[in-house]
Number of protein chains: 2
Amino acid sequence: MAHELERKALAQYLEDHSLKHTKQREAILEVFLEVEGHITGDDLHRRVQQRHPGIGYTTVYRTMKLLCDAGLASERHFDDGVTRYEVEHEHHDHLVCVRCGKIVEFECSMIESAQDDIVERYGFRLLRHRHELYGHCPGCRDD
Amino acid sequence: MAHELERKALAQYLEDHSLKHTKQREAILEVFLEVEGHITGDDLHRRVQQRHPGIGYTTVYRTMKLLCDAGLASERHFDDGVTRYEVEHEHHDHLVCVRCGKIVEFECSMIESAQDDIVERYGFRLLRHRHELYGHCPGCRDD
DNA sequence: TCACGAAATGAAAATGGATGTCGTTTTCAG
DNA sequence: CTGAAAACGACATCCATTTTCATTTCGTGA
């Protein structure tokens, strides 16, 4: 059984918050971790169903919210308005191909520090940000 | 009657695309231009109603889509998932206060050029981007 | 100016992702 | 083992936006 670390993290989180360890949560975590990249609640539900018929989408949504709270997943909202989930890891931003839908992650410390300057200039206190570049990926550009 | 330039632009666009010049479109444009900042379809519809009862929200949504196509407005999607419209002008990004909802626009050429580097590094062709900083504004921060 | 076809309108219904409700089932501490 | 709390799943509901469609309006060209 893979993903021992994450399973432990979930178990820990559940215990710390007096929440219950159910097969559904276990199953959803497992399926979610096998997904590479970003997945919508609906797609995730479909995948979960394949292996564990009977798990409803309500539970999938609830569980994903839980995994986000537990720091194992995070929610992303791209331009189509549909919520997508990704495995939580180092901070990064996204490059999205508007043709094929491919999503590439990037990270840029120069931008991060420039952001800090901006925030300071306006007197804001930064909580989080969102930076997405939309275009055509190498395979889709036609020039 | 204000906003002559924009009215002309709309008229031009309609003519170029064999679309019709209606009172509703005129009215919605007028009300939209008077709004400072970012407005949701719903709010805009409410405002339009005050001055021009009878204009349905369907028409407001359709017209805003049209104004976007005509380059007079642009759509923005912040984290709450609701579409907001703003008057189209120089490129800029946003600083959003998650407490009071205030939205401040900013512009940063350093970030823009850093973006270009990233895009090039991954072989993408950049079409547009979205860069939002979420936090607390000077009036809302509690430290 | 008129008339006609194309386009636009608006009311209502549909959509679709996400969340709330509620009766039933499961978990787990004592 | 038992009971209360939590979670489940089916379904209903929400709500912004879109679609549908019958009716009205626009504007070209006769």
Side-chain angles (χ1 to χ4, degrees), chain A residues 7 10-32 38-70 73-85, chain B residues 7 10-29 31-32 38-70 73-85 101:
Chain A
R7 298 161 74 88
L10 173 61
Q12 186 65 51
Y13 180 86
L14 293 174
E15 189 175 353
D16 291 350
H17 295 256
S18 312
L19 299 174
K20 293 176 178 171
H21 198 296
T22 65
K23 5 183 164 311
Q24 289 89 339
R25 286 173 175 175
E26 192 79 6
I28 293 167
L29 173 64
E30 202 62 29
V31 173
F32 168 62
H38 307 71
I39 191 165
T40 62
D42 210 55
D43 278 351
L44 183 56
H45 173 240
R46 239 188 306 283
R47 290 215 200 192
V48 167
Q49 280 279 331
Q50 286 171 11
R51 199 149 359 128
H52 308 273
I55 294 186
Y57 54 83
T58 311
T59 301
V60 171
Y61 278 113
R62 277 190 292 228
T63 302
M64 287 317 297
K65 193 145 287 185
L66 175 74
L67 293 184
C68 288
D69 291 344
S74 57
E75 264 189 41
R76 295 285 177 174
H77 304 266
F78 297 108
D79 261 2
D80 60 3
V82 187
T83 304
R84 265 164 246 268
Y85 299 96
Chain B
R7 298 161 74 89
L10 173 60
Q12 186 66 52
Y13 180 86
L14 294 174
E15 187 175 329
D16 292 350
H17 295 256
S18 311
L19 299 174
K20 292 176 179 172
H21 197 297
T22 65
K23 3 183 166 309
Q24 288 91 337
R25 287 173 174 174
E26 192 78 6
I28 293 166
L29 173 64
V31 173
F32 169 63
H38 307 70
I39 192 165
T40 63
D42 209 55
D43 278 349
L44 182 56
H45 172 240
R46 238 188 305 284
R47 290 215 200 192
V48 167
Q49 279 278 329
Q50 287 173 10
R51 201 151 355 130
H52 309 272
I55 294 186
Y57 53 83
T58 312
T59 302
V60 171
Y61 278 112
R62 278 191 292 229
T63 301
M64 288 317 296
K65 192 145 288 183
L66 175 74
L67 293 184
C68 288
D69 290 344
S74 58
E75 265 189 39
R76 296 284 176 173
H77 303 266
F78 297 109
D79 262 1
D80 61 2
V82 187
T83 305
R84 266 164 246 269
Y85 299 96

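On a predicted model such as this, the values are computed, not experimentally measured, just so you know. By convention in this document, chain letters (A, B, ...) are assigned in the order of the sequence lines, proteins followed by strands, and residues within each chain are numbered from 1.
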Exercise for the section: Give B/Thr83 one of three labels, base, sugar-phosphate or nothing, depending on what nucleic acid heavy atoms sit under 4.0 Å from its own. Expected result: sugar-phosphate

Exercise for the section: Side chain of B/Lys20 only, please: which of C/dG10, C/dA6, D/dG27 is the nearest? Expected result: C/dA6

Problem - Candidates C/dA7, D/dA16, C/dA18 - which lies nearest the side chain of B/Val82 - result: D/dA16

Exercise for the section: Would you mind reading off the distance between B/Gln49 atom CD and C/dA11 atom C1', rounded to a whole angstrom? Expected result: 12 Å

Handout entry: Short N-O contact, A/Arg7 and A/Glu30, less than 4.0 angstrom
Key = yes

Practice task
Assess whether one donor atom and one acceptor atom, taken from the side chain of A/Thr22 and the base of D/dC8, lie less than 3.5 Å apart.
Solution key: no

Handout entry: Charged N-O contact under 4.0 Å between A/Glu75 and A/Arg84
Key = no

Handout entry: d(CG, B/Leu29; P, C/dA8) in whole Å
Key = 16 Å

Handout entry: Heavy-atom donor-acceptor pair, A/Arg62 side-chain to C/dG20 base, under 3.5 Å
Key = no

Problem - Salt bridge A/Arg46-A/Asp42, side-chain N to carboxylate O under 4.0 Å - result: yes

Exercise for the section: Among D/dA7, C/dC28, C/dT19, find the nucleotide with the atom closest to the side chain of A/Leu19. Expected result: D/dA7

Completion exercise
Separation of C/dG17 atom C1' from A/Tyr61 atom OH, nearest Å, is 5 Å

Practice task
May I ask you to decide whether B/Lys65 forms a salt bridge with B/Asp69, counting only side-chain N to carboxylate O separations under 4.0 Å?
Solution key: no

